[in-house]
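One structure is given below, encoded as structure tokens.
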Amino acid sequence: MIRAIKGTRDILPPSTRVWNHVESVARRVMESYHYGEIRTPIFEETALFARGVGEETDIVSKEMYTFADRDETSITLRPENTASVIRAYIEHRLDQLPGLQKLYYIGPMFRRERPQKGRYRQFSQIGAEVIGSESPAVDAEVIEMVIEILSQSGLEGFHLVINSVGCKECRPKFLATLRERLQDLKGQLCQDCQRRSETNPLRVLDCKVPSDQPIIETLPSILDHLCEACSRHFAAVRTFLDDRGITYEVRPRLVRGLDYYTRTTFEVVHGALGAQNSVLGGGRYDGLAEALGSKVHSPGIGFSIGEDRLVMSVEEAHPKLRSETLDLFVAPMGDAALRHVTVLARELRREGISVEIAFEGKLKRAMETANKLNARYTLIVGDNEIAAGTYALKEMASGEQHPVTREQISERLYAGKH
RNA sequence: GUGGGUAUAGCUCAGUCGGUAGAGCGCUGGAUUGUGGUUCCAGAUGUCGAGGGUUCAAAUCCCUCUACCCACCCCA
């Protein structure tokens, strides 16, 4: 038997309803903030991600699906979408357009990691980017919008965490200080942290090993080492969030995995997701466009929601979203009735009523099916009905059945929908 | 890449001391020739993950492999 590739999966009807729900909420919210949708290719030149995401990141160094095209161009399935959006922004000179560029996307990403709960090799992200402003008011609006998407999707009990990681002026200085401190202390830390001290010192701050905590407490905080401009920026972001009544936790130890982040970074976590409890991550990337070859300074900020994880949580909180809805099940008896009903069903569907026809089988079987499909009404059409010029309409929940005219079908069905 | 767990019917799972493969749900038919849900009756469905070994006899014991799940790492 041929099975889906490891880390990929089929998403089937009861669940696809929830996916569509989440996506339509996200589109509606983002359109209301006047974002436009961008669709970039699923694969790009490998160099885009190497430069954009960062050679040293786990994503680039060990998680990409990379292969040689027939002309030997190195191609990579996109592991994230911000680099592609910025590439498109530069390629199409979107900086020449009036106002900010506010773009959103929904689609699959690919990373070759070991799968586990909430983590897949093909996964979907809902993301957005604002390019062309450094204003902290933009940061706050982006965060507000993503919170809006989560809550309107039906997610409850999530937790927003924010931080500032500084800019190209102050972050290197902080890193140097941190490395220096770790040189003296790392002997007392766990194995992982001894390694991180070399590879990614910021990660040490995020370590969860209890015995390391007292030492981590003594390490410097990035927030105390921000330059004047970054410090003012972060304070302003917080003020704008406070004005909106958005609750958040400032976590100086919050670290994001992509190299391009500057200043504001944020994350939303949710319990019941397993160990992979982050439902979205985002941040500012004021230097990314220039790193990718832009001649003009194009600061940006964005986020991406792990759609698989959001759907998982929403499904758990609202199992009803999975339930099927069928307005009318039609049970014809005999060939003449089937022909009659086929025409009728088409009319009703054009009126916006969902209709399913029992193409074969006895009436009893049709009734059983109608019940299993949770149909609101069943319409029975046989020789008696055709002769009388009426239909037998049965309301499944009450069991009540009445003869109705053609017009009354639409009236009854439409009445219940609104 | 590393560690742990699991693998028996379509699904969820039981299977004792090694002795003919089980339940619930679902599915099919009937009780009811044109009426669902509840009930009752009957029925179908298995490479017991794969390969090898021990044994008169293996779902069960041993070895190897594979797949999936969870966790580490890391991230969405």
Side-chain angles (χ1 to χ4, degrees), chain A residues 1-9 53 56-63 78-82 106-127 146 150 190-193 195-196 199-200 202-203 206-209 254-258 261 265-270 273-283 302-313 329 331-334 337 358 361-386 391-401:
Chain A
M1 182 173 57
I2 298 178
R3 306 170 48 102
I5 301 271
K6 182 201 287 287
T8 73
R9 59 197 180 133
V53 178
E56 301 308 312
T57 60
D58 279 17
I59 291 175
V60 171
S61 64
K62 57 187 189 197
E63 295 172 2
R78 63 186 189 190
E80 59 100 53
N81 206 27
T82 301
I106 299 176
M109 310 295 158
F110 306 84
R111 294 182 198 172
R112 201 182 183 292
E113 297 179 88
R114 193 77 174 264
Q116 69 186 78
K117 188 178 175 69
R119 190 167 74 187
Y120 307 96
R121 290 182 172 185
Q122 174 177 337
F123 60 101
S124 184
Q125 291 189 332
I126 300 173
V146 77
L150 298 185
C190 69
Q191 289 292 317
D192 282 336
C193 282
R195 176 177 50 76
R196 291 180 185 125
T199 58
N200 192 347
L202 287 175
R203 281 256 156 250
D206 206 29
C207 177
K208 283 133 201 146
V209 176
L254 173 66
V255 177
R256 309 260 74 240
L258 289 70
Y261 284 124
T265 59
F266 55 95
E267 177 173 313
V268 170
V269 296
H270 184 70
L273 274 176
Q276 308 303 315
N277 65 350
S278 168
V279 73
L280 75 89
F303 64 81
S304 69
I305 299 171
E307 190 177 2
D308 303 71
R309 294 179 187 176
L310 177 57
V311 166
M312 192 191 309
S313 309
F329 192 82
M333 287 179 294
K362 298 174 184 172
L363 179 60
K364 176 183 165 58
R365 179 106 179 86
M367 295 305 297
E368 286 171 355
T369 305
N371 189 55
K372 283 169 194 159
L373 296 183
N374 202 21
R376 286 170 54 220
Y377 289 93
T378 299
L379 191 73
I380 299 161
V381 184
D383 294 341
N384 298 347
E385 284 73 21
I386 291 176
Y391 303 88
L393 184 65
K394 181 165 188 172
E395 185 180 27
M396 297 304 281
S398 64
E400 282 182 39
Q401 181 174 324

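Predicted, not measured: the structure shown is a model, and the values here were computed from it. Heavy-atom basis, side chains included; hydrogens, waters and symmetry copies ignored. Order of the sequence lines fixes the chain letters, A, B, ..., with proteins taken first and strands second; residue numbering starts at 1 for each chain.
- As judged by a 4.0 angstrom heavy-atom cut-off over every strand, N384(A) is placed among the base-contacting residues.
- With U35(B), G30(B), A67(B) as the choices, the nucleotide that has an atom nearest any side-chain atom of I380(A) turns out to be U35(B).
- Using a 4.0 Å heavy-atom distance criterion, L363(A) is classed as a base contact.
- Spacing between C27(B) and G4(B) at atom C1', rounded to whole Å, works out to 37 Å.
- Across all strands shown, U2(B) forms a Watson-Crick or G-U wobble pair, both distances under 3.5 Å, with A71(B).
- For a distance-only test at 3.5 Å, the side chain of D383(A) fails to qualify as a donor-acceptor partner of the base of G34(B).
- The base-pairing partner of U60(B), taking Watson-Crick or G-U wobble contacts with both distances under 3.5 Å, does not exist among the strands shown.
- In this entry the distance linking CE of M396(A) with C1' of U38(B) reads 14 Å, nearest Å.
- Rounding to whole angstrom units, CG of residue D58(A) and P of C73(B) are separated by 11 Å.
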Derivation of the side-chain contact (heavy atoms from CB on, under 4.5 Å) call for I380(A) and M367(A): CA-CA 9 Å; I380(A) 299 161; M367(A) 295 305 297; 4.3 Å; yes
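- No donor-acceptor pair under 3.5 Å is formed between the side chain of R121(A) and the backbone N or O of F110(A).
- Scanning atom types as modelled, no donor and acceptor separated by under 3.5 angstrom connect the side chain of R119(A) and the base of A76(B).
- Remark: the separation of the C1' atoms in C48(B) and A21(B) is 8 Å, to the nearest Å.
- Look at K372(A) and you won't find any side-chain N or O under 4.0 angstrom from OP1 or OP2 of C25(B).
- One can place CG of N277(A) at 12 Å from P of C73(B), the figure rounded to the nearest angstrom.
- Across the strands present, U38(B) finds no partner; the criterion is a Watson-Crick or G-U wobble pair with both atom distances under 3.5 angstrom.
- Comparing Y120(A) and A4(A), the nucleotide of RNA chain B nearest to each residue sits closer to the 5' end for A4(A).
- The base of U35(B) has none of its N or O atoms less than 3.5 Å from a complementary donor or acceptor on the side chain of K364(A).
- A7(B) and G36(B) have their P atoms separated by 41 Å, with the value rounded to a whole Å.
- C72(B) and A14(B) have their C1' atoms separated by 33 Å, given to the nearest Å.
- Put simply, the side chain of N371(A) and the base of G36(B) share a donor and an acceptor less than 3.5 Å apart.
- At least one side-chain nitrogen or oxygen of Q116(A) sits closer than 4.0 Å to the OP1 or OP2 atom of C72(B).
- Within the nucleic acid shown, G274(A) comes within 4.0 Å of sugar-phosphate atoms alone, with no base atom in reach, counting heavy atoms only.
- Across the P atoms, G24(B) and C17(B) are found 24 Å apart, a figure rounded to whole Å.
- Look at the C1' atom in both A9(B) and U39(B): the space between them is 25 Å, to the nearest Å.
- Annotation: G53(B) and A59(B) have their P atoms spaced 15 Å apart (nearest Å).
- Toward the 5' end of RNA chain B, the nearer of the two residues K117(A) and R114(A), judged by each one's closest nucleotide, is R114(A).
- Taking atom CD of E113(A) as the reference point, atom P of C72(B) lies 12 Å away to the nearest angstrom.
- The only member of M396(A), Q401(A), E395(A) that meets side chain to side chain contact (heavy atoms under 4.5 Å, CB included) when paired with Y377(A) is E395(A).
- At the heavy-atom level, E385(A) lies under 4.0 Å from base atoms of the strands shown.
- In this structure A7(B) sits in a base pair with U66(B), meeting the Watson-Crick or G-U test at under 3.5 Å.
- F329(A) has its CZ atom 14 Å from the P atom of G36(B), to the nearest Å.
- The phosphate of U28(B) has OP1 or OP2 within less than 4.0 Å of a side-chain N or O from R365(A).
- Nucleotide C73(B) holds its C1' atom 15 Å from the CZ atom of R112(A), rounded to whole Å.
- R78(A) places a side-chain N or O within 3.5 Å of a backbone atom of P108(A) that can act as its donor or acceptor partner.
- Taking atom CG of residue L273(A) and atom P of nucleotide C69(B), one finds them 16 Å apart after rounding to whole Å.
- Residues L280(A) and F266(A) have side chains in contact (heavy-atom distance under 4.5 Å, counting atoms from C-beta outward).
- Atom CD in Q276(A) sits roughly 9 Å away from atom P in C73(B) (whole-Å rounding).
- Side-chain atoms of Q401(A) and base atoms of U35(B) include a donor and an acceptor less than 3.5 Å apart.
- The shortest heavy-atom contact between F123(A) and Q125(A) is CE1-NE2, 3.5 Å.
- Counting only heavy atoms from C-beta outward, the side chains of K117(A) and M312(A) approach each other to under 4.5 Å.
- Across all strands shown, C27(B) forms a Watson-Crick or G-U wobble pair, both distances under 3.5 Å, with G43(B).
- Under 4.0 angstrom from either OP1 or OP2 of C68(B) there lies at least one side-chain N or O belonging to K6(A).
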